[in-house]
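Here's the structure we're looking at; comments come further down.
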Number of protein chains: 2
Amino acid sequence: MVSIKEVAEEAGVSTATVSRVLSSSDHVRPELRQRVMEAVEKLQYRPNLVARSLRSQQSNTIGLIVSDIRNPFFTSISRAVEDSAYKQGFSVLLCNTDEDPEKEKIYLQLMRDTNVAGVIFSPTRQIMSDLASLPFDFPMVIVDRSVPDVDVDTVLLDNVESAYRLTSHLISNGFRRIGALFGETSTTGIQRQRGYEEALKAHGIPLVPEYIKHLQPRVEASYKIATSMLQLPHAPDALLTSNSLIMEGALQALRACNLSIPEDIALVGFDETPWTLLVQPAITIIAQPTDEIGKTAADLLFQRIAIPTRPTRQIILKGQLMVRGSSTPLHLKAM
Amino acid sequence: MVSIKEVAEEAGVSTATVSRVLSSSDHVRPELRQRVMEAVEKLQYRPNLVARSLRSQQSNTIGLIVSDIRNPFFTSISRAVEDSAYKQGFSVLLCNTDEDPEKEKIYLQLMRDTNVAGVIFSPTRQIMSDLASLPFDFPMVIVDRSVPDVDVDTVLLDNVESAYRLTSHLISNGFRRIGALFGETSTTGIQRQRGYEEALKAHGIPLVPEYIKHLQPRVEASYKIATSMLQLPHAPDALLTSNSLIMEGALQALRACNLSIPEDIALVGFDETPWTLLVQPAITIIAQPTDEIGKTAADLLFQRIAIPTRPTRQIILKGQLMVRGSSTPLHLKAM
DNA sequence: TTGTAAGCGTTATCAA
DNA sequence: TTGATAACGCTTACAA
């Protein structure tokens with residue numbers, strides 16, 4: 001492994017000069033610069049980024065901490081983040097927490113220990129109290145979830161509003177007994193529940209506790225809970241799900257119960273996935289602008305890395321209601 | 001940021017002793033060990049991994065280089081790799097190449113520059129010739145694709161055999177005009193094509209060049225190519241797709257053409273995705289054991305990191321044919 | 001504009 | 001068993 005020292009010797013200059021040519025825009029005589037470049041080329045020199053990072057106390061790596069990369073929402077976010085990072089010359093450390101606060105802590109510590117430039121994080125509710133107290137000195141951007149009492153950059157969907165619109169859509173299409181499945185680990189589920197409840201209230205529809213469930217945001221959990229909800233004496237005529245994994249489990253449950261959508265029951269949810277348009281009928285959803293969320297989070301992070309004292313921002317993006325067959329109005333059902 | 005020096009002072013020992021207590025199993029007097037641990041605890045000391053990596057010339061990071069994390073196959077692989085890495089105390093640098101050889105090179109260089117412990121890589125065909133010549137000294141495991149002339153650990157599906165079985169399944173169900181869409185960037189597509197062609201030959205069915213297409217493994221490309229194939233004068237009565245993105249585009253095309261599956265045309269492919277069981281009819285596929293592939297790749301890598309001279313291995317895993325409604329026999333179609 | 005030399009925070013060598 | 005001390009490969013004052 002050729003080092004900066006050998007390049008310096010080859011070019012007949014000091015290591016400082018090589019370093020200047022390579023990383024700073026310091027004034028170096030063109031002739032020397034040329035000699036250095038040639039030596040670099042000849043020896044196929046590549047700077048050791050570990051040494052550079054140790055010395056300069058900076059790094060070109062950012063951390064991305066999400067609950068599960070297999071959740072299509074996070075898959076998409078990750079891709080967008082990696083893309084932005086690549087363009088800025090950064091690379092991405094991927095961390096899955098499985099919504100486990102212990103894993104979250106371990107990964108946050110790792111971020112500190114490896115001296116990353118910054119972190120994009122989608123935290124559970126449990127970790128939040130710690131978040132303020134733990135001494136995390138690196139730049140951080142929160143995505144998808146909100147951290148109420150901490151002054152930190154955040155990129156969020158307008159969850160209350162989106163859930164409100166989704167629920168209102170069901171109501172105006174004639175559905176009244178709207179079962180709802182929310183993720184229990186994040187603030188997102190809570191906010192979406194608020195939107196759901198506000199919509200019901202606004203339309204004078206009573207809340208039915210049996211219709212509201214909180215669960216781990218996983219396919220299997222959702223399948224179970226949805227199945228049991230479908231077996232209620234007075235079963236729902238519509239199901240609202242608060243993320244795509246939950247929606248997947250719910251759809252499996254509907255299929256297992258041989259229920260027709262939307263004739264027997266409507267199904268709506270959040271997030272565009274490869275299959276929302278492929279199943280029949282297609283599923284009505286709130287599409288989150290995942291690319292933009294990821295890109296915005298990365299942008300915020302790079303800005304904070306550049307200017308650590310910058311005032312924090314909370315960016316709230318709008319979801320888009322995509323009306324499809326799975327929530328067709330009751331009076332059209334016979335058609 | 002508290003350093004080893006401060007811990008040493010606090011404990012009244014040298015930095016060497018602190019280092020020994022923390023990272024090596026060297027013999028340290030229990031009493032000193034105790035004092036060091038207390039100092040570590042008191043000062044909340046955490047070793048700086050960058051410095052450690054620079055000095056020891058090792059690291060606890062592995063690279064994962066895939067074409068696109070949004071491909072459900074790679075999503076699942078990534079999750080499995082990250083899981084295994086976490087258990088071994090490693091973290092994962094995620095890199096998307098978009099099947100672009102230039103990006104592959106850049107990322108491979110990054111791996112070298114950051115001194116990663118090793119890399120799990122799914123290369124394009126183009127990069128392979130370079131792979132032998134480029135001086136990549138780090139441990140590497142190839143997944144999903146094969147690199148014929150390089151002595152490197154590999155984890156693969158039995159692609160020829162799997163495609164053979166999938167094609168034979170279609171044939172024995174009465175389909176004869178089997179269109180096939182293969183990814184053009186990987187060896188995987190080529191091998192699956194071989195299995196497809198061998199199955200046709202074995203059953204005395206002539207190859208029709210118009211029925212065989214190579215394309216970028218992307219949804220949009222697949223949609224276009226599939227659509228044009230469906231408009232052939234003598235259109236296929238079945239479509240075989242060589243990965244889930246291609247399958248997705250093909251299914252979109254079938255839907256756009258208002259074709260019924262399997263009455264008008266059968267559809268089969270590779271990879272279990274969230275939707276293969278949710279669409280109706282469910283799709284017949286070869287399921288790859290993605291968890292096992294990822295886990296095996298990580299295991300191989302850690303073994304090679306531990307013993308660099310270990311003889312290389314090629315591990316070939318079997319796919320599982322999941323027969324579903326999308327390839328129901330012709331004589332049952334009327335039912 | 002360039003070179004010398006002092007670190008960055010560890011670990012590894014060598015003596016004690 | 002322990003402690004000085006020299007690296008690891010780079011950047012950056014400071015001097016020249």
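Remember, it's a predicted structure, so these values are computed and weren't measured experimentally. Lettering follows sequence order; numbering is per chain, from 1.
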Is the shortest side-chain N/O distance from [X] to OP1 or OP2 of [N] below 4.0 Å?
X	N	result
B:Ser56	C:dT11	no
B:Ser23	C:dT11	yes
B:Thr17	D:dT2	no
A:Ser3	D:dG9	no
B:Gln57	D:dA7	no
B:Arg52	C:dG9	no

(request) Select from B:Val13 and A:Leu54 the residue whose nearest nucleotide in DNA chain D is closer to the 5' end of that strand. (result)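 Its nucleotide being nearer the 5' end, the pick is B:Val13.
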
(request) Give one of base, sugar-phosphate or nothing for A:Leu49, where a contact means two heavy atoms less than 4.0 Å apart. (result)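 If one applies the 4.0 Å heavy-atom cut-off, A:Leu49 turns out to touch nothing in the nucleic acid.
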
(request) Could you check whether A:Val50 gets within reach of a base, just the sugar-phosphate, or nothing at all, counting any heavy atom under 4.0 Å? (result)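 Result for A:Val50 = nothing.
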
How many Å lie between [atom1] on [X] and [atom2] on [N], as a whole number?
X	N	atom1	atom2	value
A:Asn48	C:dC8	CG	P	18 Å
B:Arg35	D:dT2	CZ	C1'	12 Å
A:Arg20	D:dG9	CZ	C1'	16 Å
A:Asn115	C:dT10	CG	P	11 Å
B:Leu22	C:dT10	CG	C1'	11 Å
A:Ile4	C:dA5	CD1	P	17 Å
B:His27	D:dT1	NE2	C1'	9 Å
B:Met1	C:dG9	CE	C1'	12 Å

(request) Please figure out whether A:Pro30 or A:Thr15 has its closest DNA chain C nucleotide nearer the 5' end. (result)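 Nearer the 5' end of the strand: A:Pro30.
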
(request) Ignoring the backbone of B:Ser14, work out which of D:dA4, C:dT10, C:dG3 is nearest its side chain. (result)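 Of D:dA4, C:dT10, C:dG3, D:dA4 is nearest to the side chain of B:Ser14.
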
(request) Indicate yes or no for a side-chain donor-acceptor contact from B:Thr75 to the backbone of B:Asn71 under 3.5 Å, with no hydrogens or angles considered. (result)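 Side chain of B:Thr75 to backbone of B:Asn71, a donor-acceptor pair under 3.5 Å: yes, one is there.
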
(message) For A:Glu41, I'd like to know if atom CD has over 12 heavy atoms of other residues, nucleotides or ligands within 6.0 Å.
(response)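 At most 12 heavy atoms, drawn from other residues, nucleotides or ligands, come within 6.0 Å of this atom.
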
(request) Inspect the contact between A:Arg35 and A:Glu31 and indicate whether a charged nitrogen and a carboxylate oxygen are less than 4.0 angstrom apart. (result)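 So A:Glu31 pairs with A:Arg35 through a salt bridge.
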
(message) Can you tell whether the side chains of B:Glu99 and B:Arg145 come within less than 4.0 Å, N to carboxylate O?
(response)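 Between B:Arg145 and B:Glu99 there is a salt bridge, with a charged N closer than 4.0 Å to a carboxylate O.
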
(request) Drop me the distance from A:Thr188's OG1 to A:Ile190's CD1, to the nearest 0.5 angstrom. (result)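 So the OG1 of A:Thr188 and the CD1 of A:Ile190 are separated by 9.0 Å.
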
(request) Record whether the side chain of B:Arg55 comes under 3.5 Å of the base of C:dT11 through a donor-acceptor pair of N or O atoms. (result)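 By the distance-only test, yes, there is a pair.
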
(request) Kindly indicate whether the side chain of A:Arg46 and the base of D:dG9 share any N or O donor-acceptor pair separated by less than 3.5 Å? (result)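 Per atom types, no contact qualifies.
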
(request) Taking the six-membered ring for Trp and the single ring otherwise, decide whether the centroids of A:Tyr107 and B:Tyr86 are under 6.0 Å apart. (result)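 Ring centres of B:Tyr86 and A:Tyr107 closer than 6.0 Å.
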
